[in-house]
Protein chains: 2
Amino acid sequence: MSKESVSIGLSAAIVSVEGEHPSVLVVAHDAVEDALPFGPFDPAQQRTLESGLRKWVGEQTRFDLGYTEQLYTFGDKGRHASAAGTRVVSVGYLALTRQGKEAPETQWRGWYHYFPWEDWRDSKPLMIESAILPALKKFVKDAPNSETAEQRRERVNVCFGEGWDEERVLERYELLYEAGLVEEFWRDSGKPNKGGLGTAMLYDHRRILATAIARLRGKLKYRPVVFELMAPTFTLLELQRAVEALAGLRLHKQNFRRLVAEQGLVEGTGKFSAPARGRPAELFRFRREVLRERPAPGVRLGVRRSKAS
Amino acid sequence: MSKESVSIGLSAAIVSVEGEHPSVLVVAHDAVEDALPFGPFDPAQQRTLESGLRKWVGEQTRFDLGYTEQLYTFGDKGRHASAAGTRVVSVGYLALTRQGKEAPETQWRGWYHYFPWEDWRDSKPLMIESAILPALKKFVKDAPNSETAEQRRERVNVCFGEGWDEERVLERYELLYEAGLVEEFWRDSGKPNKGGLGTAMLYDHRRILATAIARLRGKLKYRPVVFELMAPTFTLLELQRAVEALAGLRLHKQNFRRLVAEQGLVEGTGKFSAPARGRPAELFRFRREVLRERPAPGVRLGVRRSKAS
DNA sequence: ACAATAATACTCATTTCGAGTATATATGTG
DNA sequence: CACATATATACTCGAAATGAGTATTATTGT
């Protein structure tokens, strides 16, 4: 049928949180750009895609992946390898772990290096008003016709306008890409140009990472995934800081505890932390049982629980 | 590296709702089993996976896909083709449309043919108590050791126990598969055996459909996707019936309207339906604008909206 | 003793949700 | 035409969830 052949690339966004810093594991495949651990899928050796991923993520990073989740399969021409001949379709994964025991050629890097506009914990990032919005305004203005201009205006508004939706990480990255505000855009179109927003990554790895962050921010709200990133015991503030780090938002302390407590997500250990200052906080542990308990967390569609209508 | 080569298969679960019946478009690739429209990805011709899908779903079914969404990429050995030589990795898509203009070799079939245990609109399907649970009890009992028995017990409980979570469609199908209660399991293991639960499909197509239903049922709750399936104007009851058909649950009528109205999802047209009996209902249309308005629908994590903590 | 800091408890108004009742507008029947 | 039946739509009400605080308690450092 075609001369071009396909190969499948597996990439993993391996995420951890240390204190207030969400990080992703990057490897030095290439001296120039940061890369996610990745490699080809070998159908002869591997029964499933995930086992393929685990196997050589293990080799490359010495990591034993715990929680993993498939994110998305990207196959756009020109956004992966510029290597001629075979087309790479890349399947991205999200993995959650705790730090420790990684290989020497790997490195944890804060994910907001790649997405500085996504961290709203202290305040709305200044670059949005100073750099992003003016450039996007230009992008709208440069539209070839008024219809695309209108579409662009809408996208800009959804992504960076009133009402920050912390989950739209991928949408925002894609908009910045198309508007030529990230380095990858210029690299992919063959006109390298340093100095886009945030730190660039190899191939489409920043896109995969954006997908990972978006998915994780969404999932946080309805599945107890944060605990994969926590130590066996932790204080409620540590838990809150981890969630805040991931969501890129500040939470209301008292209400956060209420929520966590009411949902039965944690149980006290009776032990206490020894903080530098202030009252010691109780150490909690995750109640693994909840995974079996709560059926549907938020149903939001007026479901009826009785008989007649 | 390996002798086996990979090819990428694209499959689409094309969904529509007619009245109270959610359906999926099946084609007669094979006289024996129902199949989703599918075919190989041609990297030489196609720039993106989705354009590949659109192109020849168009050829095969004469359909112009509207809303589409990538679901998942399956690569398990033995669950796609038994054809030797090349390994097929299949990328599944969900597409939403309205009926009309499909090709002659295709057919709309109610999706509950494939998943009869998923329709709880009238009552809890009897087969759960009469057939599924007894068989799963046996599956638990037949576990090789007490640890897997415990894991199986938990899975059975999450999938079919107290508290029906209508989104766990895939989890339930996979459990039934592993327990040998669906025909595909026996076919894939080389011991064909008619008479599993529900209607079987070609390859892993029932798994893809399960993923599609699960995704759609989830998305329903936080994105206005139902409207892709509705006529340009509709009554609120028609809308409710469509949602119920997809979710496999009954909703509370008055609260459903309140929700829809409050969220500004629809606007009245001033026209009215002419029903056989009863008071005529106003015809509504979807307010496309909401796509740009509401930022994050359900945040559920105690987000702070003021200044200090 | 007391300032500073953090943990934890408790309050309160508002909104959302589930479940109903009440009323309005059709049709068909005697 | 009165009225049974069917549906649409409006409104009520209590319970729970949510957002935003204030109050109190337990520490350390001075």
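Below, chains carry the letters A, B, ... as their sequence lines are ordered, and counting in each starts from 1. From a predicted model like this one, the values you see are computed outputs, not experimental measurements.
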* Give a yes or no on whether a salt bridge exists between B:Arg241 and B:Glu20, defined as a side-chain N under 4.0 angstrom from a carboxylate O. => yes
* Asked: Between C:dT8 and A:Arg257, is there an OP1 or OP2 to side-chain N/O distance shorter than 4.0 Å?
  -> yes
To the nearest Å, how far apart are [X] [atom1] and [N] [atom2]?
| X | N | atom1 | atom2 | result |
| --- | --- | --- | --- | --- |
| A:Phe256 | C:dA6 | CZ | P | 17 Å |
| A:Lys253 | D:dA23 | NZ | P | 17 Å |
| A:Arg258 | C:dT11 | CZ | C1' | 10 Å |
| B:Gln254 | D:dC11 | CD | P | 13 Å |

* To do: Please step through side chain to side chain contact (heavy atoms under 4.5 Å, CB included) for the pair B:Trp111 and B:Leu216, ending with a clear verdict.
  => CA-CA 13 Å; B:Trp111 77 23; B:Leu216 186 50; 4.0 Å; yes
* Honestly, is B:Arg172 close enough over B:Trp164, meaning NZ or CZ under 6.0 Å from the six-membered ring centre and within 45° of the axis? -> yes
* Residue whose nearest DNA chain D nucleotide is more 5′ - B:Phe284 or B:Gly278 -> B:Gly278
* To do: May I ask you to verify whether the side chain of B:Arg279 and the base of C:dA26 hold a donor-acceptor pair under 3.5 Å?
  => no
* So what does A:Pro280 hit on the nucleic acid, given a heavy-atom distance under 4.0 Å: a base, only sugar-phosphate, or nothing? -> sugar-phosphate
* To do: For A:Glu262, answer base if it contacts any base atom (sugar-phosphate contacts may also be present), sugar-phosphate if it contacts only those atoms, and nothing otherwise; contact means non-hydrogen atoms under 4.0 Å.
  => nothing
* To do: Could you label the plane-to-plane angle of the B:Tyr173 and B:Phe115 rings as parallel, tilted or perpendicular, counting under 30° as parallel and over 60° as perpendicular?
  => perpendicular
